[in-house]
Amino acid sequence: MYICAIIESMTFLRPEILTALILLTLPIIVHLFEFRIFKPTVFSNLLFLEHLKHEQHRYQKLKRWLILLLRLGYFTGIIMAFALPTIPEQSNTLQDAPAYLLYLDNSFSTTAKGFSGSSLLSEAKEELYQWSKSLDGNQINWFTNDAQYPNQSIKDFQQTILSLSASPRQHSPEQVTLNAQRMFAQMGASNRHLIWYTDHQNWSVPSNLDGIELTLRSLIATDRTNICLEKAAIDRSDPDKTRLSVLLSNNLNEEQSITIRVYKEDKLFTQTGTKLSPGQDKTVDFDLGALNKFKGMVTIEDRGLGYDDTLYFNVPPQPKVKVLSIGQKSHAVLRSIFDEKDFSYNQRDLSTLDFSLIREQNLIILDQLPSINNALIGALKEHLLNSGGLVIIPEMATMETAQQILSEFRLGRISSLNQQSRTVIEINANDPFYKGIFEQNVADFQYPTVGQSYNVNTQARTLLSFDQGTPYLFGNDGIYFFTGPITGPGTNFDQSPLSVVTLIQLARQTQIFPELYYPTFSERSIENQTNNSSKQSVLAGSLVADQVVILTQTSEQIIPRQQQIQENIVIDFEGIDFNSGHYSARLDENEIGCFSFNHPRNESHDRFNLPELGTTQIKTTKNMDNAMAMITQNLEGKQLWVWFAIFALICFMAEMFILKQTT
């Protein structure tokens, strides 16, 4: 009765192997048919052997039947063992029918090569496609980093899996299990099983499994060495020498030489070679010369991931800096410095100033105004909120006005007036304001003198200082204050090269350039709420009536959110997935700008965490068929394949013993 109960409750994890039992007919056919032909030969006086012959025939017949049964026994035992017989635990029989959900990690890290020579993602896609061909009328619930596919038919699943491509998105383990919980809830399943295809990048055991039985299908790459074009930056402080800086990262095992190429409009512009040391980042600089605009890309070649071997960038045309001087005492100096080639300079008196003109400027200079009214202060504060710049040259005869300006913009407080000539002897060359300007030793510089100056107590950063350490030029957040005049009696600052360098830099830093490139996607998150530069850009132009800016790349067209702010069109990229490459911004079929997009480089960093076997209750599998067998039958039951293997071995040894006894 006990054996009958075991047989009745026994199930197989690989029932398809039982079809091999049909091969048992072969030994039966061989044993049932005797193909040997006996030719009788008559001898005299051998009648006494008839009885012996009859006894031997009965013994041989019994032996053949016994060998047949033993062979059938060990063949059956082997086949049954490979079918993985098991007896489910009693607790498993009380559970609801198991529901499975498949998650396929299709992030860029899965494009690394596997043992077959194809990418890990291609191997997983082929495995799942072949598995789906064995299904009959079932629907599949699964999801990737990009989309969810509840109750998808087998035909649709096969089409989707074959067309699936790598994604720049990567989910954390908690995000994956949260998506799984939501899909299981929609399925109404309580006996939940999640099959997780992953290469274990940034992987850890999820903390929110909450009743989900997790089965891991590990995707292991043969080689994880990779060189990455991490990021690029542009330096346009010198209009005649635009510098492109490219940062490369790697996880190499040994030193390697590599060629970096820069293309302009798909044509090779320049290239250089460099050596990379294992695990050390390196910055490579390129001189792009004097340029108006540059739409290009940087490329390398390596054996690692392919998506990070190209970096697209766009240097837009550099517009003229709009400078407005209010006052006239320094007008001649300012007009000579702000030439018409790179600047649009205007001068107005306060009495005739149209305040609407302030909104159009990049830099406002208050040139020794004897007084200032609240209307002007309000307009200047609005100008600063719109990323404009403000330079204040005080009137030495009206300390109250200078004190009012310092107080309104919270720059400091005047302690006294110095009427003696002083020399500017210190340049804060390490400040980002003067970055890359002073290549020679500033100690050998010809320093200017200033006839009169204010002594100011301030917490702002100082750019130029007098011989007693008091500031001559200081400022913060786009507001800068000269403590004395730049021209006039006893002052020769206007005749020093330092005046040209400083005033031009004050004007240039007020320019707002679009980013060199943007990420291909931007998700709404708490972390991103403070980083609007990666989600918005500005185009010069005006929208009329129903006009909209359209972003195009080959046949793709995208209409982003946009709004007109003064003379600029603000483009919002948030919530849009872009391809890597260049997008042309068009308004009524006319190109008014260009944006470049690159995939985030998160996938290029070598952080792969394989689970330690035996430390968790998470199961692992080598393929989808085995994973489904584990879900369907639950491998936690009692295993019987060992006993069938032992039975097959006993039958084989018994056959060998019988055959040996007859030789």
Side-chain angles (χ1 to χ4, degrees), residues 9-16 83-106 110 124 127-128 131-132 134-135 138-145 148-152 154 157 161 170-220 609-641:
S9 61
M10 184 173 64
T11 57
F12 297 91
L13 299 181
R14 302 292 298 276
E16 67 274 9
L84 299 177
T86 184
I87 300 177
E89 292 181 352
Q90 184 65 26
S91 60
N92 296 333
T93 61
L94 302 178
Q95 293 182 354
D96 295 335
Y100 72 89
L101 182 62
L102 171 64
Y103 166 64
L104 175 58
D105 178 9
N106 63 326
T110 60
E127 179 181 308
L128 291 172
W131 163 75
S132 67
S134 65
L135 302 179
N138 294 330
Q139 290 183 324
I140 301 173
N141 294 276
W142 67 298
F143 64 103
T144 65
N145 294 345
Q148 298 180 359
Y149 304 96
N151 299 321
Q152 191 173 44
I154 295 177
F157 173 81
I161 201 70
Q170 185 186 58
H171 290 334
S172 68
E174 283 69 27
Q175 287 176 313
V176 172
T177 49
L178 180 61
N179 289 338
Q181 294 282 13
R182 293 171 178 169
M183 293 190 69
F184 278 127
Q186 295 174 359
M187 296 162 59
S190 59
N191 188 3
R192 302 175 174 183
H193 296 265
L194 175 61
I195 305 172
W196 190 329
Y197 276 66
T198 178
D199 63 350
H200 299 285
Q201 186 178 46
N202 301 323
W203 193 88
S204 61
V205 178
S207 59
N208 56 341
L209 285 173
D210 296 335
I212 295 179
E213 294 289 336
L214 182 58
T215 302
L216 289 181
R217 168 64 171 95
S218 298
L219 305 174
I220 307 299
N609 308 316
L610 296 177
E612 297 182 7
L613 298 178
T615 60
T616 66
Q617 298 299 318
I618 296 175
K619 304 182 184 73
T620 58
T621 183
K622 293 183 178 181
N623 54 60
M624 189 63 181
D625 289 328
N626 183 248
M628 291 302 298
M630 293 167 65
I631 292 175
T632 305
Q633 302 298 341
N634 196 338
L635 283 177
E636 298 299 326
K638 186 176 181 180
Q639 304 294 314
L640 300 180
W641 68 268

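One distance of note links CE of Met624 with OG1 of Thr215; it measures 9.5 Å at 0.5 Å rounding. To the nearest 0.5 Å, atom CG of residue Leu128 and atom CD1 of residue Ile161 are 5.0 Å apart. Note that CZ of Arg192 and CG of Leu214 are 14.0 Å apart. Values are rounded to the nearest 0.5 Å. Summarising the geometry, atom CD belonging to Glu127 is positioned 8.0 Å from atom CG belonging to Leu219; distances are rounded to the nearest 0.5 Å. Interatomic distance, CD of Glu174 versus OG of Ser204, reported as 5.5 Å (0.5 Å rounding). One distance of note links NE2 of His200 with OG1 of Thr110; it measures 12.5 Å at 0.5 Å rounding.
Residues satisfying the salt bridge (charged side-chain N to carboxylate O under 4.0 Å, His left out) criterion with Asp105, sequence neighbours excluded, are absent altogether. Looking at residues two or more places apart in sequence or on another chain, you find a side-chain contact (heavy atoms from CB on, under 4.5 Å) between Asn141 and Leu101, Pro150, Asn151, Met187.
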For Tyr197 and Asn106, run side chain to side chain contact (heavy atoms under 4.5 Å, CB included): C-alpha distance rounded to whole Å, both residues' side-chain angles, the deciding distance at 0.1 Å, then the answer.
CA-CA 9 Å; Tyr197 276 66; Asn106 63 326; over 6 Å; no

As a quick check of understanding, evaluate side chain to side chain contact (heavy atoms under 4.5 Å, CB included) for Glu213 and Lys619, giving each step before the final call.
CA-CA 8 Å; Glu213 294 289 336; Lys619 304 182 184 73; 3.5 Å; yes

Can Trp196 and Thr177 be said to form a side chain to side chain contact (heavy atoms under 4.5 Å, CB included), step by step?
CA-CA 10 Å; Trp196 190 329; Thr177 49; 4.2 Å; yes

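Taking the six-membered ring for Trp and thresholds of 30 and 60 degrees, Trp142 and Tyr149 have nearly parallel ring planes, at less than 30 degrees apart. Between Trp131 and Phe157, the ring planes lie perpendicular to each other; the angle is over 60°, past the 30° to 60° tilted range.
A donor-acceptor pair is defined here as one N or O able to donate and one able to accept, closer than 3.5 Å; no such pair exists between the side chain of Ser218 and the backbone of Ile220. No donor-acceptor pair under 3.5 Å is formed between the side chain of Arg217 and the backbone N or O of Ile195.
Side-chain N/O atoms of Tyr100 and Asn191 include no donor and acceptor closer than 3.5 Å. At a cut-off of 3.5 Å, with distance as the only test, a side-chain donor of Thr621 or Asn626 sits close to an acceptor on the other residue. For the residue pair Gln170/Asn145, the side-chain donor-acceptor check at 3.5 Å is not satisfied.
Closest heavy-atom contact between Val176 and Phe143: O-CZ, 3.7 Å. Closest approach of Ser134 to Asp625, counting heavy atoms only: OG-OD1, 4.4 Å.
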